[in-house]
There are 2 protein chains.
Amino acid sequence: MKELQTGWPQNIKKTKPREWVLSVFENAQKPLSAMDICSQVEKNGGSVWLSTVYRILELFVEKGLVIKTTVMNSDMAVYELNRYQHKHYAVCMSCHKIVTMKNCPMEKFVPKLEDDDFHVMGHNLEVYGYCRKCSTK
Amino acid sequence: MKELQTGWPQNIKKTKPREWVLSVFENAQKPLSAMDICSQVEKNGGSVWLSTVYRILELFVEKGLVIKTTVMNSDMAVYELNRYQHKHYAVCMSCHKIVTMKNCPMEKFVPKLEDDDFHVMGHNLEVYGYCRKCSTK
DNA sequence: ATTACTGCAAAGCATTTGCAGACTG
DNA sequence: CAGTCTGCAAATGCTTTGCAGTAAT
């Protein structure tokens, strides 16, 4: 049973750096950049090079384990575990704080696309505005 | 009357490069990258340096004239006119074709955020999947 | 033993910045 | 004329790639 929760994903060779990266994701409360992951791994006592992190992320994305997105007006890519439950965020335009959204507008929504045969696989949504602190400043 | 449609936005000094960039946006059918804009300006007989385009884009975004987004798994930023009517796109995961979405799920949706005082200003939405051609390949 | 993965260095590329001359109002 | 904007060059910073040694099955 325990294996089901923390079990290593199939089709992915187990190595120290990959274990570290995955464990960082499992403890993360928000999407992480490659650098975030790198420094978090080191904070946990491991050691990985940035380029290795990028290769691991590429692999994880390819295997559907992780989702790659970008946060508003930031050129940096961020990654998060694909928990197969939608999760969206609001980003403060002023301080770039990230606030979790608890619901998802796509649940009961069918997009009307110009290509009628477009096969929708998923979506990214991001709300932007001003957080409590910044809107009262 | 004509001025209302093609009138130059207030608070923005009029220069050739800016006029060219704006006109490119007005004739664009999809979000454009800085390079797209640059080459489009040249195609129209103008001439701008890329760094100038970036500075113009930054200004336009700041003035609320243009919106900056990123398209799936591409590290390149794209920009489009803020037409004050939502417009969203679906992106083909295989050929990266962009398909316009005619409706918007946020119209009748109130996001539940962890920060109750978050002041929502707008949103980005992107749907991904496979277009007609790629899903039958 | 074979194949794949990582550390490391160096390259790539979109974007930003500095500066002097040119242009706008 | 004063202040801003642009052309151009060079720097920055995220991400990718090449290669040789190391680790996994």
Side-chain angles (χ1 to χ4, degrees), chain A residues 7-25 30-42 44-63 65-80 91 96, chain B residues 3 7-25 30-42 44-63 65-80 96:
Chain A
W8 189 255
Q10 307 179 294
N11 303 327
I12 296 184
K13 194 185 275 186
K14 204 173 184 177
T15 68
K16 279 270 168 274
R18 292 175 181 183
E19 289 182 84
W20 290 331
V21 171
L22 185 56
S23 118
V24 166
F25 272 122
K30 63 181 187 69
L32 302 169
S33 71
M35 285 230 298
D36 292 338
I37 293 164
C38 211
S39 46
Q40 195 56 49
V41 165
E42 310 223 311
N44 297 349
S47 166
V48 224
W49 268 77
L50 206 45
S51 54
T52 303
V53 170
Y54 278 110
R55 277 188 278 229
I56 292 174
L57 289 171
E58 192 187 356
L59 175 75
F60 283 5
V61 168
E62 197 184 305
K63 298 290 183 186
L65 202 66
V66 154
I67 290 172
K68 178 182 182 180
T69 35
T70 43
V71 179
M72 246 225 121
N73 285 2
S74 150
D75 45 357
M76 227 157 49
V78 290
Y79 303 80
E80 64 180 318
V91 187
H96 302 116
Chain B
E3 280 75 26
W8 190 255
Q10 308 179 295
N11 304 327
I12 295 185
K13 193 184 274 185
K14 204 173 182 175
T15 68
K16 279 268 168 275
R18 292 175 182 185
E19 289 183 84
W20 290 331
V21 171
L22 185 56
S23 118
V24 166
F25 273 122
K30 63 181 186 67
L32 302 169
S33 71
M35 284 231 297
D36 292 337
I37 292 164
C38 210
S39 46
Q40 193 59 47
V41 165
E42 310 223 311
N44 297 350
S47 166
V48 223
W49 208 254
L50 205 45
S51 53
T52 303
V53 171
Y54 278 111
R55 277 188 279 229
I56 292 175
L57 289 172
E58 192 186 356
L59 176 74
F60 282 5
V61 167
E62 197 184 305
K63 298 290 183 185
L65 203 66
V66 154
I67 290 172
K68 178 181 182 180
T69 35
T70 44
V71 179
M72 240 224 121
N73 285 4
S74 150
D75 45 357
M76 229 159 46
V78 290
Y79 303 80
E80 64 179 317
H96 300 116

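Treat the numbers as computed from the prediction; the structure is a model and nothing was measured.
Taking only side-chain nitrogens and oxygens, B:Ser51 never comes nearer than 4.0 Å to OP1 or OP2 of C:dT15. The shortest distance between the side-chain N/O atoms of A:Arg18 and the OP1/OP2 oxygens of D:dA24 is not below 4.0 Å. Between A:Trp49 and C:dT6 there is no side-chain N or O to OP1 or OP2 distance below 4.0 Å.
For the pair B:Val78/B:Lys30, no side-chain contact is recorded, criterion being any heavy-atom separation below 4.5 Å from C-beta on. With a 4.5 Å cut-off on side-chain heavy atoms, B:Leu22 and B:Phe60 count as touching. Side-chain contact check for A:Leu50 versus A:Met35: some heavy-atom pair is nearer than 4.5 Å.
In this structure, A:Glu62 places its CD atom 13 Å from P of C:dA4, rounding to the nearest Å. In this entry the distance linking CD1 of A:Ile12 with P of D:dT25 reads 13 Å, nearest Å. Note: CD (A:Glu58) to C1' (C:dT6) measures 14 Å, nearest angstrom. Remark: P of D:dC14 and CG of A:Leu57 are 15 Å apart, rounded to the nearest angstrom. Distance B:Glu19 CD to C:dT24 P: 9 Å, rounded to the nearest Å. For the pair B:Tyr54 OH and D:dG7 P, the interatomic distance rounds to 15 Å; values are reported in whole Å. Between the NZ atom of B:Lys13 and the P atom of C:dC23 there is a distance of 13 Å, rounded to whole Å. Taking atom CG on B:Leu59 and atom P on D:dC5, their separation rounds to 7 Å, with Å as the unit.
Heavy atoms of A:Arg55 sit under 4.0 angstrom from at least one base atom. Heavy atoms of B:Thr15 sit under 4.0 angstrom from primed sugar atoms or phosphate atoms, though from no base atom. No contact: B:Lys16 has no heavy atom under 4.0 Å from any strand. Within the nucleic acid shown, A:Ser33 has no heavy atom closer than 4.0 Å to any nucleic acid atom.
Between B:Lys14 and B:Val78, the residue anchored nearer the 5' end of DNA chain C, judged by the nucleotide with its closest heavy atom, is B:Val78.
Around CD of A:Glu42, the count of heavy atoms belonging to other residues, nucleotides or ligands within 6.0 Å exceeds 12.
With hydrogens and angles disregarded, a donor-acceptor distance shorter than 3.5 Å links the side chain of B:Arg18 to the backbone of B:Lys13.
For B:Thr52, the listed nucleotide lying nearest its side chain is D:dG7; candidates were D:dG7, C:dT15, D:dC14.
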